[in-house]
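Structure record follows, encoded as structure tokens.
Quick caveat: nothing in here was measured; it's all calculated off a predicted structure. Numbering of ligands and ligand atoms starts at 1, following listing order.
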Amino acid sequence: MNREKWYARTPDEVVAFWQTNLFDGLSASEVKNRLDKFGYNELAEKEKTAWWKRFLAQFQDFMVLVLLGATLISAFLGEYADAITILIIVLMNAVLGFIQEYRAEQSLAALKKLASPTARVIRNSIVQQIPARELVPGDILVLEAGDRLAADGRLIDVNNLEVEEAALTGESTPVRKIADRKFSEDAPLGDRKNMVFAGTSIVRGRGKAVVCASGMATEVGHIAGMIQAAADEATPLERRLEHLGKWLVLGCLAICLVVVITGVAKGESLFLMCMAGISLAVAAIPEGLPAIVTVALALGVQRMIKQRAIIRKLPAVETLGCTTVICSDKTGTLTQNAMTVRQIFTDGNIYEITGAGYDIKGSFLLNQQEVDVSKDKSLQQCLTIGALCNNSVLKHNNVTITGVWRKKNTSGWSIEGDPTEGAIIVAAAKAGIWQAEAEKTKKRLAEIPFESERRRMSVVYRDESDIHTLYTKGAPDTILELCRYYQTAAGPASLTAERIANINLINEQMASQALRVLAVAYRRLTRDQAHNPDESLENNLVFAGLIGMIDPPREEVKSSIALCREAGIKTVMITGDHKNTAIAIAQELQIYKENQNRAITGKELDAMSESDLDAIVNSITVYARVSPAHKLRIVRALKRQGHIVAMTGDGVNDAPAIKEADIGVAMGLTGTDVTKEASAMVLADDNFATIVAAVEEGRGIYENIRKFIRYLLSCNIGEVLTMFLAALLGLPMPLLPVQILWVNLVTDGLPAMALGIDPNDPNIMRRPPRPPGESVFSRGLSRKIIGRGIQIGLSTLFVFNVVYYFQNDLALARTAAFATLVYCQMFHVFDCRSETSTIFELKFTSNKYLLMAVIFSTIMQLSVMYIPFLSSIFSTVPLSLGNWALILTVSGWTLIVNAFKHLFTHRPARRAALPQNR
Ligand code: ATP
């Protein structure tokens, strides 16, 4: 039934077929029935790999397979206890790896759900945003520029609707859609201009459509291969670590070989030495490194969700920490986007408007005196244009207001739609002019929609006397260029140069007070013109007035910008608003300082060559009157200067700049689907402060990755070195194969994972951004890793030798070495928490997971040493108090020495370096 040829039917037929209603949509109960009948609007998922298959995949590692083979041989040779123990350890390791992978996958799946698309529909007579998967046939879709279609639908109403269907038809130029025509049944997909299809996106205009096919019944559902999302990308760090891993494997294998050969040459059994060599290789090769990086990234991403930043591309987490410039839209991101009209200029007078927010209480003052708007024709005209040339709706307690002079309880007013338009509707309501009331006598015939590039919108109305009028509102400079007349109380007069100069002056004044200013204008149309309106009619307008509204900065943004400054990150404001408005707000937020920063307009930008721009781009902090196309130039210029750029955007046309930026940031509330898809990160609350929080989190995640790389590699070096040096020095083997494997299990598992979720260093935003190409081992990390690895190896060997020499008991010496190796790592893990602070400066308890992991590992280690059954398997013997004193001193001395060193040398210097303003 879903493959019906809807494009060959009239809208009425389709509406009737689906038993729906253009104005009310479906009811909740009907939606439920249809969901049961047609299922969710989803494409069939790729079959998931069964959990047991993924568990088995843990054993695919070559060295693990060799170990398992060797274990099997040892079982044949009668070494049952050893074989079983090795098997259990390998199993426990696999469980740990499996859990890590599973957690990473769950976090990423949760992310995908969060970033999943929504659709705007009419249901129960209300326009609402719903998850796209809940769309059912018969739903009435409300379409706007920037929407990504989530189902196939037959159009029933269009207004300049243009759709990009390249994903489906390969045709890259947008297709202009028509609602009121039928097409022949054999029309190819690309010619079905009265249909919209899932997977395509709306470039311009508005429209309504009845959903005719959802899920696998859509055209895209029929095309195999397009069904699955793109493969998950490996992050640069993961790739680099994979590369490094290969070298480490080779190095480890070579060393293991030396250990085996020298052991055998010294007379040890070939079998024992092979087992030791293989165990050492399994323990020391950091094959899990890229996997742990993924886990750390995925868990960090979950933390970001709590901060309201949704990461869409994992590599972005790494890049976030390198950000040097954040280019942010003004309206809604730096400001509250809660507009209130404060001033209106019309017919030579400036009126002040009182009241707050969207509450309709407020009055109009002229020279401090309240005015009766019903007697002021020019003011009325201004507000009427503003109210009619408007697509927002004023609501009271969620009930749409339709009457005049409602004087009930006036709290609880809200706006549905664009806040700029909402503010004008509220101002009109304060004057008793209601959009719905005005529309009783006037009928909207058409709309030329608002677009950022045009900076204006127009509507065409016919009134009861059959007079057709075009109402326009938009940026004053744009509108003024289209005007020829000037509205006075006596009617339109000519727009003289003197009047233009005066309007410009008032506009500048209003803008300098941080007001966003819109101009309103109108013109009469002939019937013919009114029925075929387009942009060419937007001229010869009568200038009616200026409307100035305030949009206060967001409270939290000021401190976020200050934090950015400390962190070496520059903030740049990009806005379509007037330069003066932009500068006024930028000054308040301390983005712009006179004589220090520059503010330029889109026009000035156009006049500049790339090299002109390159020369000054570092000093520009405000771009005003820019259109989305300029954003691309700005990103490129900043990138040429070596910056790592985060760029925000919401409209369809912002998508190219967002894609080009190192971190494309889309608005979760106001952003279009197309922009979100192009972005690396979506802000659930559209707030600038969230970007900064995400940058901080990004830096933290990277630091955590460095922490556990430092920990894992130095521990592995320690293990290898212990065995290697013993072999070179002709000593007996200090650790048995099962002991080596055990050390690997208790130290590499939980403590390393806990390091990956260490809380951020409080100083993390007081450092400059990390250079993007920087090696993960830079800033002295490799030195630290190698140094500590040598120390762990020598400490273990030292304890082994001392005990062996003085007590002449090989089992005892091995037990002591076994414990030393584990406790060296348990102490070392705390050192790894910071590269600059001592353990006394970091709150010891701030990472509870790490404490728990270390306690758990300690208990595990003691159990294999003191539970008789286990100690026989691990060949351990009880240690004396003297032995323990030796072990703990040797394992822990660096921590104590380091702590003292930091306490006496670093601390006062660092304190002095801290900025005072936080
Ligand atoms: P930002 O500061 O985030 O860039 P913006 O609102 O300034 O946002 P646009 O939405 O591109 O940027 O608007 C550009 C200009 O168009 C505004 O400065 C304003 O003059 C005008 N404008 C904005 N909204 C409307 C509207 N609904 N109708 C008519 N003109 C508008």
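In summary, of the residues considered (Asn580, Thr581, Asn507), a side chain to side chain donor-acceptor pair (under 3.5 Å) with Ser512 occurs for Asn580 alone. The side chain to side chain donor-acceptor pair (under 3.5 Å) test with Asn618 is passed by exactly one of His643, Arg598, Lys570: His643.
Distances from ligand 1 to the non-hydrogen atoms of Arg625 include at least one value under 4.0 Å. Taking 4.0 Å as the cut-off, Thr581 does not count as a neighbour of ligand 1 on heavy-atom distance. Under a 4.0 Å heavy-atom criterion, His578 is not in contact with ligand 1.
A donor atom on one side chain and an acceptor atom on the other are not found under 3.5 Å apart for Asp418 and Ser392.
One distance of note links OG1 of Thr340 with NZ of Lys430; it measures 6.5 Å at 0.5 Å rounding. A distance of 10.0 Å separates CG of Leu143 from NZ of Lys208, quoted to the nearest 0.5 Å.
Residue Thr420 has no nitrogen or oxygen atom sitting less than 3.5 Å from a nitrogen or oxygen atom of ligand 1, judged on distance alone.
Atom 9 (P) of ligand 1 has as its closest protein heavy atom Ser452 OG, 3.7 Å. Counting protein heavy atoms only, atom 31 (C) of ligand 1 is closest to Phe450 CE1, 3.2 Å. Nearest protein heavy-atom contact of atom 28 (N) of ligand 1 is Lys473 NZ, 3.1 Å. Protein heavy atom at the shortest distance from atom 8 (O) of ligand 1 is Thr331 OG1, 3.4 Å.
Of the listed residues (Arg454, Arg455, Arg516, Lys631), the one carrying the non-hydrogen atom nearest atom 17 (C) of ligand 1 is Arg516.
Ion pair Glu352/Arg342 not flagged as a salt bridge, since none of the NZ, NE, NH1 or NH2 atoms sits closer than 4.0 Å to an Asp/Glu carboxylate oxygen. Under the 4.0 Å criterion applied to side-chain N and carboxylate O atoms, Arg456 and Glu535 are assigned as salt-bridge partners. With respect to the salt-bridge test (charged N to carboxylate O, under 4.0 angstrom), the residues Glu610 and Arg633 qualify. The existence of a salt bridge linking Glu437 and Lys442 is excluded, since no basic side-chain nitrogen approaches an acidic carboxylate oxygen closer than 4.0 Å.
When heavy-atom distances to ligand 1 are checked against a 4.0 Å cut-off, Asp577 comes that close through both its backbone and its side chain. With a 4.0 Å heavy-atom cut-off, ligand 1 is reached by the side chain of Glu421 but not by its N, CA, C or O. Proximity of Leu518 to ligand 1, defined as any heavy-atom pair under 4.0 Å, is confined to the side chain (atoms from C-beta onward).
Remark: side-chain polar atoms of Arg204 are not paired, donor with acceptor, to backbone N or O of Arg176 under 3.5 angstrom.
The ligand atoms of ligand 1 that sit less than 4.0 angstrom from a heavy atom of Lys330 are 1 (P), 2 (O), 3 (O). Residue Gly474 approaches ligand 1 through these ligand atoms, each under 4.0 Å from one of its heavy atoms: 29 (C), 30 (N). Close approach to Ala475 involves these atoms of ligand 1, each under 4.0 Å from a residue heavy atom: 20 (O).
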